[in-house]
Asker: 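Supplied in structure tokens, the structure appears directly below.
Throughout, protein chains are lettered first and strands after them, A, B, ... in sequence-line order, and every chain is numbered starting at 1.
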Amino acid sequence: MKIDHSQPLEYGTHQNQMNILGFWIFLGAEIMLFGTLFASYFTLENGVGNGPSGAEIFEITPVLMETIILLTSSFTIGLATHAMRINNKKATLAFLAITLVLGLSFLSVEVYEFIHYYHVGATLQTSGFTAILLTTLGTHGAHVTFGLFWGFFILLQIKKRGFTPETTNKSFIFSLYWHFLDVVWIFIFSFIYLKGMM
Amino acid sequence: MEFFERFAIPHPSPLIYASMVAIGLTLIAIVIGITYFNKWGYLWREWLTTVDHKRIGIMYMISALLMLFRGGADAVMMRLQTAVPDNAFLDAQHYNEVFTTHGVVMIFFMAMAFVIGLMNFVVPLQIGARDVAFPRLNAISFWLYFAGAMLFNISFVIGGSPDAGWTNYFPLAGTDFSESVGVNYYMWSLQISGIGTLMTGINFIVTILKMRAPGMKLMKMPMFTWSALITNVIIVFAFPVLTIALLMGTFDRQFGTHFFASTNGGMDMLWANLFWVWGHPEVYILILPAFGIYSEIIATFSQRNLYGYKSMVGSMVIISFLSFLVWVHHFFTMGHGALVNGIFSITTMAIAVPTGIKIFNWLLTMWKGKIRFTVPMLYSLGFIPLFTIGGVTGVMLAIASADYQYHNTMFLVAHFHNVIIPGVVFAMLAGLTYWWPKMFGFMLNERIGKWGFWFLSIGFVFAFFPMYITGLDGQARRMYTYSEATGFGPLNMLSFFGAGLMAIAFALIVYNVYYSFRHSPRNVGMDPWNARSLEWATQNPVPEYNFAVTPVVNSSEAFWDSKKNGHQLFKDKITKIHMPNNSGMPIILAGFFFIFGFSFVFSIWIGVIVSALGILGTMAYRSFENDHGRYISEEEIKETEKEYGGAK
Amino acid sequence: MKLKLAFISFAILITTILAGCEPLLVLDPKGPQAETTANVIWLSIFTMAVIVIVVISMLVFIVYKYRASKQKEDYEPPHIEGNPIVESIIIGIPVLIVIFLSIVSVKSTYEVENIPEGYENQEPMVIYAASSNWKWHFSYPEQDIETLNYVILPTNRPIEFRLYSYGPITSFWIPQLAGQKYAMADMVTKINMVAEVPGDYAGRNANFSGKGFAENTFTATALSPDEFDKWVEEIQSTAKPLTEEKYEELLEPGHLGQMTFTGTHLEFKPAPEGENAGHHHGDADEEIERNDQEEGLEDHSNH
């Protein structure tokens, strides 16, 4: 395995470069995935049937909390990547751990939010609107959940194996994934919550 | 007992019971056969766990051929049922199931698989690579496809087949009107194989962008590789739309949501929109690789370079872009007014321009050439006029006002078979025959192959051209029968006759494989067709590592250059080669996906949870695995090369 | 011109022979809408036939002239890259054909969507056509009549069918009078037509809708205005009124013959239009907006 030391380690081998390119293309597919969800959301937004509309059920506090937590976690995963680049294992692990804890908190608030929707009578079965709302949020939430496991595995691997072409490559790709989920959330925040509450 | 009742077939008939017995006996025979010949170990080591793109490609093609026979049997049953008026061979419910499975199997599990199989086999060879970018992911793609295909096929004996058409429009596909688990099978089998296809898309884009031989710039890639690149870009952007549509459909059917319901704010036409936003690009996912195959074959057998290389590439790029902007033409009759219909009518017709460029480029490639009528070339020559007819009827359908009359009729059925069969099926058979010596080291018999071609082409004309006429006479598609007074009888009988000829053609093609396997000479050399592109610069059949030395390339016809213009392809010495290890993980993962899909279809939640844990566990195992591959030593390569007799 | 005539006679010959000497329904129009589409279809067949013939003649010529068996053993075909003039021709001509057909398409689509020429001054007669599994319910609000699986039309009067469905999407189609239009559960779509010749015309649901789809047909009968009025009078004096219970019974899945009632179901079960619509996505502007959104997203991700 040839390692090119003129580049950061995560780009150091040909396979690593291909992994990163492949992941960018995967994110392109993910954009289409969420794009389809958004397009369907805009189509069904007014299909409230006998159920509540967005303005009636959205609560600003948990949404703001989720937004702040996820934005912060995007920052900390950035710090983790930076620490990795300057070869600081301890800091990398710490920031990665903080990111995962923030991700977990985000999920907890989202679970709270879903319970709230359930109590105000906005379930998956209520109307076209609630179905697409919960599916869009749920798809994002499922991505975050998946990311928590994935990130945890990478954390363990860095701890055990240190910085190798594989571990740095994995954690860099994970950081791309995490930033991407943050971007999706910004769209959710603007086009679902803010638009709905206005 | 109640637990088991749901697995029963909702609409049984002697035909289905007979098939059940046949399937059971075949499976037992296969298991006994493999055990008797003691081949389980070989099968596991060499095929089921392989990550070699060539073997994965071959497995794709074998599965696709099996599916071709499943879908073909459906087709013959349909033509038999409609051959005479008021026929009672199939009842309405069975006919509905048969045309639904025919469409799904042919598009997803036959055509897609064949196209991906050929890409798998040929693309790394054409660009001078050792394998694809992510060999293990490639194996996962195949096994997910296979799991999806098997899941779909067992619907026929366990629980009932889907019956809402391959387009699966809601609310007909909702639980109100389609009560059996059939449509659940549709959702999950397509979901699982769709994930595999998406992974293939990513894999091949990276492979083509990052693993080309030194000197092979983008504009020096062989045309089939170009078509594969564009196809995979379309896959990556189109398949996520299907993923979401299927997810929403599953929720509607199994969790009582109202996405596509007509009450409580749902919208039935949302399904149709999402389906065709994926579905129209899908058509080009099938046809563009076919265009690539024809480009290779026509150039080879005209002994000329491909005319208008740049415009060939450009037209494919334009087609791929336009393919996302035409989906509304599948439901001009939905009632969104003349303006919207007009716009989509124009974008649709616009696709005829780049397609026309390609047709003329192929004609001009043959001009001043030296045309040899081999089997692959016959298919390509048959393709040009037949596909042109299919293409121009597509333009006729694109005229929105006229489409109000063609929509949902046999005219439409004739049109899309007229593009898919000469377009995709002919290309598959041409490509298979053309690359067969690369796969297996011997040629298919030309004489039997030519008989197959003529039966297929003439059968095709008889089977589908009458449908243009019955369509204009008001025969709607998907009718299980019609009365004698309609006058559709004679032409439908003609169609059945054509379908019979096509069935003979496929039997001949299979017989050809058997015959050639027994009788064809084995030492065909490196270049049996006098070909032009890089894949012919290595041995037949291709050794595991593809090229002993990485070739250096300076044109799109590198091999031709090396033959005629003294270009030196192999400059380096043989050194050890790094290869990926085989892995049992892909097939195990796909096994869990199969159980997951099956359990979900029947809402067996315990099975869903256990298999989901299995899937995540397999992925976690993969994450922690440390696998750096292996090396093939210099001596071993030299040994292999000597065996082939090719000293370099 | 001679060539065109030859074409026409050849095409007609083939089609008539194959169709058992009966004209094909779509090409045997009995009203202005179907006539427009029939003309467009003929026009496109001729245009496309020219393309097919050009391609096939080129193919036959080239394959015949440049076949290997005819050439010298040592003939080496030349290396030819693209030629800008040739390529502009093979781009230019298809572009011109597509522009021509685009104009035809847009113009004729507007024509068949609207009240046909010459009838603009008449108030169209409204008939509601609702499909249920696997029947067609026709309601005449003006005449206060409801029929099942058959519809009577006065000739030379514009008719506006308002379509909707109980259940699966269906497609309303009377090939000799006009092309199809979908009937859906949560909105009403409209189709305009005029019958100019009295007679019986086959009509059906053309969109697959389940088990009873094949027999989901009806007859459209065009009568002269006098006869039509007579028919209305006769029904009003002889038929029984349509009750809500009876209507619910009719909606059950199955096939029923032709039936006639006075009164319409619209009184107790209104069509999904106006305030009764499932949602408001029916109008064209919103449709475009939605399409734009989806396109926008694709563009976005393509870059």
Asker: Run the side-chain hydrogen bond (donor to acceptor under 3.5 Å, both in side chains) test on B:Ser555 and B:Asp561 for me, step by step, so that the C-alpha distance in whole Å, both residues' side-chain angles and the decisive distance to 0.1 Å come before the verdict.
Answerer: CA-CA 8 Å; B:Ser555 83; B:Asp561 281 354; 2.7 Å; yes

Asker: Could you name the residues of residues 28-39 of chain C that have a heavy atom within less than 4.5 Å of a heavy atom in chain B?
Answerer: C:Ala34, C:Thr37

Asker: Checking side chain to side chain contact (heavy atoms under 4.5 Å, CB included) against B:Arg477, which of B:Asn408, B:Thr409, B:Thr470 comes through?
Answerer: B:Asn408

Asker: What part of B:Tyr480 gets closer than 4.5 Å to chain C, counting heavy atoms only: side chain, backbone, both or neither?
Answerer: both

Asker: Heavy-atom cut-off 4.5 Å, strictly under: side chain, backbone, both or neither for B:Ile359 against chain C?
Answerer: side chain

Asker: Below 4.5 Å, heavy-atom pairs only: which of B:Pro171, B:Ala400, B:Ser401, B:Ser315 has the largest tally toward chain C?
Answerer: B:Ser401

Asker: Please find the pair of heavy atoms, one from B:Ser302 and one from B:Met377, that lie closest to each other, and give the distance.
Answerer: OG-CE, 3.7 Å

Asker: Can the ring centroids of B:Tyr307 and B:Trp362 be said to lie less than 6.0 angstrom from one another?
Answerer: no

Asker: Check each atom of B:Asp176 against the heavy atoms of chain C and say whether the ones under 4.5 Å are side chain, backbone, both or neither.
Answerer: neither

Asker: So which residue, C:Glu81, C:Gln71, C:Glu215, ends up with the most heavy-atom pairs under 4.5 Å with chain B?
Answerer: C:Gln71

Asker: For C:Asn133 and B:Phe177, run side-chain contact (heavy atoms from CB on, under 4.5 Å): C-alpha distance rounded to whole Å, both residues' side-chain angles, the deciding distance at 0.1 Å, then the answer.
Answerer: CA-CA 10 Å; C:Asn133 274 350; B:Phe177 301 104; 3.5 Å; yes

Asker: Output the residues of residues 104-111 of chain C for which the shortest heavy-atom distance to chain B is under 4.5 Å, in residue-number order; output 'none' if no such residue exists.
Answerer: C:Ser105, C:Val106, C:Ser108, C:Thr109, C:Tyr110

Asker: Where on B:Ala350 is there a heavy atom nearer than 4.5 Å to chain C: the side chain, the backbone, both, or neither?
Answerer: backbone

Asker: I'd like to check the ring-ring contact (aromatic ring centres under 6.0 Å, His included) partners of B:Phe488; sequence neighbours left out, ordered by chain and number.
Answerer: B:Tyr482

Asker: Determine the option with the most heavy-atom pairs under 4.5 angstrom with chain C, choosing from B:Ala402, B:Gly174, B:Gly369.
Answerer: B:Gly369

Asker: Take B:Lys564 and C:Glu76 through the salt bridge (Lys or Arg N to Asp or Glu O under 4.0 Å) test and state the conclusion after the steps.
Answerer: CA-CA 11 Å; B:Lys564 301 284 165 176; C:Glu76 272 296 325; 3.7 Å; yes

Asker: So for C:Thr189, is it side chain, backbone, both, or neither that comes closer than 4.5 Å to the heavy atoms of chain B?
Answerer: side chain

Asker: Any chance the side chains of C:Asn216 and C:Ser131 put a donor and an acceptor closer than 3.5 Å?
Answerer: no

Asker: Heavy-atom cut-off 4.5 Å, strictly under: side chain, backbone, both or neither for C:Val112 against chain B?
Answerer: side chain

Asker: Give, as side chain, backbone, both or neither, the part of C:Ile41 having an atom under 4.5 angstrom from any heavy atom of chain B.
Answerer: both

Asker: side-chain contact (heavy atoms from CB on, under 4.5 Å) for B:Val340 and B:Met334? Distances and angles first, verdict last.
Answerer: CA-CA 11 Å; B:Val340 176; B:Met334 180 181 147; over 6 Å; no

Asker: With side chains defined as the heavy atoms from C-beta onward, is the minimum distance between B:Thr82 and B:Asn87 less than 4.5 Å?
Answerer: no

Asker: Given heavy-atom pairs under 4.5 angstrom as the criterion, report whether the side chain, backbone, both or neither of B:Trp560 touches chain C.
Answerer: side chain

Asker: Is any side-chain N of the basic residue among C:Lys190 and C:Glu113 closer than 4.0 Å to the acidic one's carboxylate O?
Answerer: no

Asker: For C:Asn205 and C:Trp134, does a side-chain donor sit closer than 3.5 Å to a side-chain acceptor?
Answerer: no

Asker: Please tell me if the side chains of C:Leu101 and B:Val395 come closer than 4.5 Å, counting only heavy atoms from C-beta onward.
Answerer: yes

Asker: Can the ring centres of B:Tyr169 and B:Phe260 be said to be less than 6.0 Å apart?
Answerer: no

Asker: Strictly under 6.0 Å, is that where the ring centroids of B:His407 and C:Tyr182 end up?
Answerer: yes

Asker: Select one option (side chain, backbone, both, neither) describing which atoms of B:Phe373 are under 4.5 Å from chain C's heavy atoms.
Answerer: side chain

Asker: Considering only heavy atoms from C-beta outward, does the side chain of B:Leu274 approach that of B:Trp278 to under 4.5 Å?
Answerer: no

Asker: On the ring face of C:Tyr66, is B:Lys368 found with NZ or CZ under 6.0 Å from the centre and within 45° of the axis?
Answerer: no

Asker: Could you go step by step and tell me if B:Asp473 and B:Tyr468 meet the side-chain hydrogen bond (donor to acceptor under 3.5 Å, both in side chains) rule?
Answerer: CA-CA 9 Å; B:Asp473 203 19; B:Tyr468 284 118; over 6 Å; no

Asker: Measure across B:Trp367 and B:Arg304 and return the closest heavy-atom pair with its distance rounded to 0.1 Å.
Answerer: O-NH1, 2.7 Å

Asker: Please flag which part of B:Val353 lies under 4.5 Å from any non-hydrogen atom of chain C: side chain, backbone, both or neither.
Answerer: both

Asker: Which bit of C:Phe213 comes within less than 4.5 Å of chain B, counting heavy atoms only: side chain, backbone, both or neither?
Answerer: side chain

Asker: Tell me, for B:Phe99 versus chain C, whether the close heavy atoms (under 4.5 Å) come from the side chain, the backbone, both or neither.
Answerer: side chain

Asker: Can C:Ile191 and C:Arg162 be said to form a side-chain contact (heavy atoms from CB on, under 4.5 Å), step by step?
Answerer: CA-CA 7 Å; C:Ile191 184 168; C:Arg162 297 195 181 162; over 6 Å; no

Asker: Can you say whether B:Ala272 sits under 4.5 Å from chain C via the side chain, the backbone, both, or neither, judging by heavy atoms?
Answerer: neither

Asker: When you check the side-chain N and O atoms of B:Asp403 and B:His329, is any donor under 3.5 Å from an acceptor?
Answerer: no

Asker: Under the criterion side-chain hydrogen bond (donor to acceptor under 3.5 Å, both in side chains), I'd like the reasoning laid out for B:Ser483 against B:Asp86: C-alpha separation, chi angles, the key distance, then a yes or no.
Answerer: CA-CA 6 Å; B:Ser483 68; B:Asp86 300 313; 5.8 Å; no

Asker: Measuring heavy-atom distances to chain C, does B:Thr486 have an atom under 4.5 Å in its side chain, in its backbone, in both, or in neither?
Answerer: neither

Asker: Find the one option among C:Thr47, C:Val40, C:Asn207 whose heavy-atom pairs under 4.5 Å with chain B are most numerous.
Answerer: C:Asn207

Asker: Quick one: which of B:Phe331, B:Tyr406, B:Phe332 has the most heavy-atom pairs under 4.5 Å with chain C, could you say?
Answerer: B:Tyr406

Asker: Which one wins on heavy-atom pair count under 4.5 Å against chain C: B:Lys310, B:Met312, B:Glu557, B:Met396?
Answerer: B:Met396

Asker: Using only non-hydrogen atoms and a strict under-4.5 angstrom cutoff, which residues of residues 168-176 of chain C touch chain B?
Answerer: C:Pro168, C:Ile169, C:Ser171, C:Trp173, C:Pro175

